[in-house]
Amino acid sequence: MSGHGEGLLSRYTDSLLGVFGTPQKVLVRGSGVTVWDADGREYLDLLAGIAVNALGHAHPGLTRAVAEQLNTLGHISNFFTSPTQIGLAEKLLELAHAPSGSKAFFTNSGTEANEAAFKLARRHGGGSRPRIIALEHGFHGRTMGALAMTHKPSYREPFEPLPGGVEWVPAGDAEALSAAVDETVAAVIIEPVQGEAGVRGHPAGYLEQAREITRAAGALLIFDEVQTGVGRTGTWFASAPAQSAAVIPDAMTLAKGLGGGFPIGAMLTFGEHTSSLLNPGQHGTTFGGNPAATAAALATLEVIESQNLLAHVREVSAYARERLEELDFVTEVRAHGLLIGLEIAAGAASAPAPAMVAAALEAGFIINATGPTTLRLAPPLIITTEQIQRFIDALPEIHRRSTS
Ligand SMILES: *Cc1c(COP(=O)(O)O)cnc(C)c1O
């Protein structure tokens with residue numbers, strides 16, 4: 001289909017660095033769970049900017065808070081602070097059941113939050129703990145420190161040498177973790193649910209075991225909740241399925257959903273010891289934690305709370321899981337709240353998932369593939385069962401078109 005969008009896409013190719021390939025569409029507008037492209041076509045957004053637009057698009061509570069903050073005081077540098085920055089730090093520590101002495105550090109992205117965690121680990125390691133343990137298939141970001149902890153060789157190898165000392169153990173394998181962690185390890189970093197790996201959780205008890213193993217060896221436990229945090233899995237954090245069941249790490253990183261679409265990330269450090277590892281002058285950021293971004297995050301948390309969205313996420317998730325499991329071409333549904341991985345039967349096509357992403361777009365749905373047979377759904381937390389049903393109803397035809 002030719003139109004306004006094609007001209008813009010050719011200008012994109014001429015002017016933007018090619019790291020993302022060619023974008024699927026030029027999007028111009030959004031409202032709730034719906035977005036529109038430059039040719040006026042409408043899409044149901046089941047990806048939400050990769051688990052970012054928690055409140056959907058153009059949520060009035062969020063846009064009002066950001067507009068008011070920008071009209072009042074938008075940026076100030078970290079030589080100063082603001083009420084929204086302090087309020088957000090307090091709120092996140094409260095939601096994370098952080099013990100006294102816990103602190104927050106704000107960034108602009110997930111990778112920066114993990115850079116901060118990497119520096120925290122190095123400080124904890126001193127000279128005697130040079131090793132950092134990460135999980136196979138884990139993803140932690142694209143900047144050099146976060147990249148050094150990311151498993152996928154094709155992401156890392158073109159940029160070596162990277163910061164050293166990182167090793168990977170099989171995900172969800174407590175014995176392998178236990179064998180790897182000793183007094184030479186500074187930190188273990190774990191995604192409670194591995195998002196980029198295709199939405200893969202760990203066996204029950206694994207996070208608790210990781211907590212015990214790291215505590216016994218004196219290593220930090222870092223949870224990367226950049227994708228899973230802030231309500232995405234139907235609780236505030238995937239590592240805290242209930243307050244009583246919360247596994248308290250030494251540090252937690254957040255970003256994606258935190259600002260509801262406004263760029264902001266955070267590292268939370270738990271307890272006095274961890275919070276005193278980074279001292280004045282040892283880390284910093286110009287934009288991180290500015291009034292506009294922290295107002296966006298506060299507004300996002302406020303809407304999640306006042307609209308009771310955590311319960312809503314659990315309800316829509318349970319409904320979607322049941323309906324998706326009924327489809328004969330879906331061999332596995334991994335639903336962690338509204339972060340859902342779907343395994344698609346390979347059949348005649350060896351890579352059905354990317355073909356289904358393209359067919360879904362044609363049919364008016366934005367979804368994502370994390371691998372040749374794996375689809376990922378991460379819709380806005382406000383999506384209704386009717387909206388997700390609309391997608392599930394269309395899925396058999398999307399599958400048929402993409403495999404014939
Ligand atoms: C997306 C992601 C990151 C990186 O976040 P950016 O904001 O893209 O830098 C890090 N960790 C996890 C688990 C993620 O899903």
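Note that this is a predicted model, so its numbers are computed, not measured. One-based numbering, in listed order, for ligands and for the atoms of each.
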Checklist entry - Distance-only, no hydrogens or angles: does the H312 side chain make a donor-acceptor pair with backbone N or O of T384 under 3.5 Å? => result no

I'd like to know whether [atom1] of [X] has more than 12 heavy-atom contacts from other residues, nucleotides or ligands below 6.0 angstrom.
| X | atom1 | answer |
| --- | --- | --- |
| Q243 | CD | no |
| R401 | CZ | no |
| E175 | CD | no |

Next on the checklist: What does the 4.0 Å heavy-atom contact list look like for ligand 1?
Outcome noted: S109, G110, T111, N114, F139, H140, G141, E191, D224, V226, Q227, K256

Checklist entry - Between V169 and A180, what is the shortest heavy-atom contact and its length? => result CG1-CB, 3.7 Å

Next on the checklist: Would R64 and E68 count as a salt bridge (Lys or Arg N to Asp or Glu O under 4.0 Å) here? Give the steps.
Outcome noted: CA-CA 6 Å; R64 198 182 314 115; E68 275 175 15; 5.3 Å; no

